[in-house]
Amino acid sequence: MYVPFETLPENSRVWIYQSNRKFSDEEITKLEEALKTFTENWAAHGTGLEASFVVKYSRFIILAVNQENQSATGCSIDASVHFIQELEKEYDVVLLDKMNVTFKLGEHIAHKSLIDFKKMAKNRAVSANTIVFNNLVNTVGEWQDFWEVPAGESWHSRFFR
């Protein structure tokens, strides 16, 4: 069952999918409709999940589940991955490749392969102070506090040693 994202408790589980390109305003409208339909019907073992989503920076899809009432299980997580795969096909984007880094360059959101980001770090085109998106956060609380962080304070810090 869909609930507004801001009503989810901080310990709600999140999954973050970053797109290899920015979605257009028209795409975001359609994407949000599809996400709302999915979260309204998302269930684990026949029990509806208290779920929500948010689209950030026209590039990130954040799915969340309040696990206090009903936890997402293997089958329900598989259903969400299948849904994300359908979005990839429909919008001709890559959402499931974890070998990419998305970061801020001023007001611009950049998306590079891990190899290219490492080269940028070596060439000092990015620094430990560059804001990166840490898509490894697991809860709404972590997402709020540790999603947008300086690279030096995330797993990306290994590129600046």
Non-neighbouring partners of Glu148 that pass salt bridge (Lys or Arg N to Asp or Glu O under 4.0 Å), sequence neighbours left out: Lys104
CG (Asp92) with more than 12 external heavy atoms under 6.0 Å: no
Main-chain N/O of Asn100 paired to Gln18 side chain as donor or acceptor, under 3.5 Å: yes
Test: Lys36 cationic atom under 6.0 Å from Tyr2 six-membered ring centre, within 45° of axis: yes
Test of ring centre spacing under 6.0 Å for Phe83 and Trp42: no
Heavy-atom pair with the smallest gap, counting every atom of Leu87 and Ala34: CD2-CB, 4.4 Å
Heavy atoms of other groups near Lys98 NZ, more than 12 under 6.0 Å: yes
Val65 versus Ala72, closest heavy-atom pair with distance: CG1-N, 4.4 Å
Leu49 side chain reached by Met1 side chain, heavy atoms, under 4.5 Å: no
Ring pair (Phe, Tyr, Trp, His ring centres under 6.0 Å) partner of Phe60, the single match among Tyr17, Phe133, Trp143, Trp15: Phe133
Audit row: Leu63, Thr39, side-chain contact (heavy atoms from CB on, under 4.5 Å) steps and yes/no: CA-CA 8 Å; Leu63 283 176; Thr39 54; 4.1 Å; yes
Distance-minimising heavy-atom pair for Phe160 and Ala121: CE2-CB, 3.5 Å
Flag, side chain of Asp116 to backbone of Lys112, donor-acceptor distance under 3.5 Å: no
Reported CE-to-OG distance for the pair Met120 and Ser113, which is rounded to 0.5 angstrom: 10.0 Å
Minimal non-hydrogen separation, Pro9 against Val140, with atom names: O-CB, 3.8 Å
Heavy-atom side-chain contact between Val126 and Phe103 under 4.5 Å: yes
Any donor-acceptor N/O pair, Thr37 side chain to Glu33 backbone, under 3.5 Å: yes
Within-4.5 Å side-chain heavy-atom neighbours: Phe38 and Ser80: yes
Heavy-atom donor-acceptor pair, Glu142 side chain to Asn138 backbone, under 3.5 Å: yes
Glu27 with Arg21: basic N within carboxylate O range, under 4.0 Å: yes
Aromatic ring proximity, centroids under 6.0 angstrom, Phe53 and Phe5: no
Residue pair Asn135 / Trp147, side-chain donor-acceptor N/O under 3.5 Å: yes
Greater than 12 external heavy atoms within 6.0 Å of Arg158's CZ: yes
Between NE2 on residue His108 and OH on residue Tyr57, distance to nearest 0.5 Å: 13.5 Å
Trp155 vs Val132 side-chain heavy atoms within contact, under 4.5 Å: no
Donor-acceptor pair, side chain of Glu88 and main chain of Val94, under 3.5 angstrom: no
Contact summary for Leu8 and Asn66, nearest pair of heavy atoms: CD2-CB, 3.8 Å
Whether His156 and Phe159 hold their rings parallel, tilted or perpendicular, with breakpoints at 30° and 60°: tilted
Short side-chain to backbone donor-acceptor contact, Asp97 and Met99, under 3.5 Å: yes
Minimum side-chain heavy-atom gap Ile28-Ser58 below 4.5 Å: yes
Verdict with supporting geometry, Thr102 and Arg59, side-chain contact (heavy atoms from CB on, under 4.5 Å): CA-CA 9 Å; Thr102 306; Arg59 206 180 255 279; 4.0 Å; yes
Nearest-0.5 Å distance that lies between atom CD in Gln67 and atom CG in Asn11: 8.0 Å
Flag if over 12 foreign heavy atoms under 6.0 Å of CD1, Ile115: no
Evaluation steps, side-chain contact (heavy atoms from CB on, under 4.5 Å), between Asn123 and Lys118: CA-CA 9 Å; Asn123 296 330; Lys118 187 176 181 178; over 6 Å; no
Closest non-hydrogen atom pair between Val14 and Val137, with its separation: CG2-O, 3.8 Å
Nearest-0.5 Å distance, OG of residue Ser19 to CD1 of residue Ile61: 7.5 Å
Backbone N/O of Asp25 and side chain of Thr29: donor-acceptor pair under 3.5 Å: yes
Evaluation steps, side-chain contact (heavy atoms from CB on, under 4.5 Å), between Gln70 and Glu50: CA-CA 7 Å; Gln70 173 68 40; Glu50 190 174 304; over 6 Å; no
